[in-house]
Amino acid sequence: MGRGKLRIHLGAAPGVGKTHAMLAEAHRRVERDTDCVVAFAETHGRPRTDALLTCLEQVPHRRPEHGGVTVAETDLDAVLARRPRVALADELAHANAPGSRNAERRQGVEERVRETSGIESATLLERAGDVEPWTCAGRAGPGRPVERPEDADVQVPVGDHTAPALTGRVPAAEDRRVRAAFAAQAAVVLDRRRLREQADRALAEGNRIRTALLAAVSHDPRTPPAGIKAAVSSLRSEDVERSDEDRAELLEGIEDGADRLDHLVGNLLDLSRLHTGTVTPLMRGTDLDEMVPRALGGVPEHTVVLDVPETLPMVDADPGPLERAMANVIENAVKYSPPGERVPAAAGALADRVEVRVVDRGPGLSDEAEERVFAPFQRHGDAPRGSGVGPGLAVARGFTEAMGGTLNADGTPGGGLTMTLTLHAADARPEDGPDDSGRGLVTAQDERRTS
């Protein structure tokens with residue numbers, strides 16, 4: 001059998017003219033006395049396409065029965081016996097009836113291509129970087145598996161991180177150019193598929209966050225205003241005489257509720273910024289011994305024991321988001337610690353990093369839940385019912401990772417949970433630098449404070 005050529009008509013959607021173009025090309029070849037037959041063509045009742053088909057020789061179809069219905073299928077053996085110069089096959093993605101020689105129409109064409117071109121298999125390899133291992137993105141053909149480009153009989157260069165690898169006979173120079181074009185198209189298709197999968201995942205995550213956010217704002221923000229309204233109503237009531245101590249207690253409740261609402265709304269707004277990718281920290285050397293005490297503003301006095309030496313190296317961070325991250329971690333630890341139990345928060349240097357460990361003695365988490373605790377709007381085993389959706393840890397990790405650091409949860413020996421926030425040490429301590437009270441990345445809470 002001599003060598004053949006394969007021409008494929010591609011279209012962006014059904015009905016754009018692939019079959020019409022194929023039949024029109026067949027007419028031009030017939031006019032040049034080329035022996036041309038139609039193995040299978042589907043006109044879908046389009047008059048102009050029907051007219052082109054009726055003037056061409058058609059190989060009779062097979063007529064198998066499927067589900068009590070007689071269907072028309074390509075008779076590949078009859079086409080091979082006819083031995084035309086050109087054979088037309090429409091709708092290569094068509095699934096053949098059960099019992100056919102191949103499950104799909106394209107497989108019959110692939111057989112002929114492999115026989116005439118000498119290709120046994122084709123593998124599309126890809127890797128994430130220059131030193132990363134190759135992985136198989138797609139494979140076709142019965143030939144031996146190929147795990148690296150150098151294991152193939154034929155390499156088709158596309159790029160540094162994509163390599164179609166073929167096994168079988170080494171092709172002629174003109175065929176290599178055609179294969180290089182197909183390889184480039186395969187790489188484009190692979191990139192588009194990857195982008196589509198990423199977009200689908202982002203859309204699914206966005207929908208999940210949106211649903212959870214709606215559930216959160218339907219319940220959690222209502223709790224502080226309810227307490228504020230009750231206290232204000234009590235203060236305005238003239239039916240009950242209240243002492244100065246009672247009035248001070250009600251006013252303290254109003255202030256506490258307003259602070260809780262401000263904190264919750266700030267976390268929700270900051271979380272939305274993290275998920276939309278609009279967080280860009282302005283990094284500079286930051287002293288933890290000055291920043292960490294400021295993060296205690298949202299917890300009662302004498303509930304945290306600080307151990308942050310002044311001799312620690314400065315960390316490379318944006319002071320505003322770092323303060324917010326530390327505040328959320330510390331508040332979470334105080335929230336779930338037993339009454340009267342003080343929370344240790346200690347910092348130390350390790351090589352080119354600085355760690356801050358915040359320890360609580362609450363019920364702790366299972367190994368499986370230690371990572372899920374950073375998912376927004378989730379309740380976990382150490383969170384009492386009615387405690388809220390808790391986006392604080394999600395915000396803390398998001399800000400920490402935006403600054404090139406990590407925030408992890410581990411079990412505390414003896415019970416509880418230990419949060420470890422790790423940042424890179426600054427290269428050098430600036431001389432007479434600006435005070436840390438200046439902000440780089442402005443958080444949602446900072447905006448409301450300054451408005």
Side-chain angles (χ1 to χ4, degrees), residues 205 208-209 212 216 220 263-264 266-268 270-271 273-275 279 281 288 291-292 295-296 298-299 303-308 312 315-318 321-339 341-351 353-425 443:
E205 176 67 10
R208 188 187 70 82
I209 293 296
D220 290 285
H263 184 71
L264 175 61
N267 274 332
L268 293 174
D270 288 335
L271 188 63
R273 292 183 177 186
L274 288 167
H275 278 279
V279 174
L288 287 179
M291 188 281 303
V292 174
L296 306 183
V299 297
T303 56
V304 180
V305 179
L306 289 181
D307 182 13
V308 185
L312 278 178
V315 296
D316 193 23
D318 188 329
L322 178 57
E323 180 183 335
R324 186 59 175 271
M326 285 301 312
N328 285 353
V329 170
I330 292 173
E331 289 172 19
N332 182 78
V334 171
K335 189 176 189 178
Y336 298 123
S337 290
E341 185 80 27
R342 301 180 73 184
V343 172
L350 181 63
R353 296 169 297 164
V354 177
E355 294 182 346
V356 181
R357 293 178 177 269
V358 180
V359 181
D360 72 63
R361 292 293 181 180
L365 294 171
S366 65
D367 293 341
E368 295 78 12
E370 285 178 356
E371 185 64 24
R372 296 199 308 270
V373 74
F374 295 102
F377 314 116
Q378 299 290 328
R379 290 187 175 92
H380 300 281
D382 69 339
R385 291 187 61 83
S387 62
V389 293
L393 291 181
V395 172
R397 171 173 273 190
F399 278 157
T400 303
E401 291 181 347
M403 293 182 289
T406 60
L407 177 61
N408 297 308
D410 299 288
T412 302
L417 194 67
T418 298
M419 292 285 180
T420 304
L421 190 152
T422 305
L423 293 168
H424 293 285
T443 65

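For reference, positions follow the sequence shown, starting with 1. Note that the structure is a prediction, hence the values are computed from the model and not measured.
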**OP:** Please lay out, stage by stage, how Arg357 and Thr420 fare under the test side-chain hydrogen bond (donor to acceptor under 3.5 Å, both in side chains).
**Re:** CA-CA 5 Å; Arg357 293 178 177 269; Thr420 304; 3.2 Å; yes
Original post:
Under the side-chain contact (heavy atoms from CB on, under 4.5 Å) criterion, do Leu306 and Leu296 qualify, and how do the steps go?
Top reply: CA-CA 10 Å; Leu306 289 181; Leu296 306 183; 3.6 Å; yes
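Residues Arg397 and Leu407 share a closest heavy-atom pair of NH2-O, 2.8 Å. Residues Met326 and Ala295 share a closest heavy-atom pair of CB-CB, 3.9 Å. Taking every heavy atom of both residues into account, Val308 and Ala345 meet most closely at CG2-O, 4.4 Å. Here the closest heavy-atom approach between residue Thr400 and residue Leu421 is recorded as OG1-CD1, 3.6 Å. Nearest heavy-atom pair across Gly362 and Pro338 is N-CD, 4.1 Å. Looking at every heavy atom in both residues, Leu312 comes nearest to Ala349 through CD2-N, 3.6 Å.
A 4.5 Å side-chain heavy-atom check between Leu417 and Tyr336 finds every atom pair outside the cut-off. Val329 is not listed as a side-chain neighbour of Val356, based on a closest heavy-atom distance of 4.5 Å or more. The shortest distance between side-chain heavy atoms of Met419 and Leu393 falls below 4.5 Å. Side-chain contact between Asp318 and Met403: present, with at least one pair of heavy atoms (C-beta onward) separated by less than 4.5 Å. With contacts defined as side-chain heavy-atom distances shorter than 4.5 Å, the pair Val343/Ile330 does not qualify.
For Glu341, there are no salt bridge (charged side-chain N to carboxylate O under 4.0 Å, His left out) partners two or more places apart in sequence or in a different chain.
Considering CG of Asn328 and NZ of Lys335, their distance stands at 10.5 Å, rounded to 0.5 Å. For the atom pair CG of Leu288 and CD of Glu355, the computed distance is 11.5 Å after rounding to the nearest 0.5 Å. For the atom pair CD of Glu401 and OG1 of Thr406, the computed distance is 8.0 Å after rounding to the nearest 0.5 Å.
Judged by distance alone, with hydrogens and angles left aside, the side-chain atoms of Thr412 form a donor-acceptor pair with the main-chain N or O of Thr418 at under 3.5 Å.
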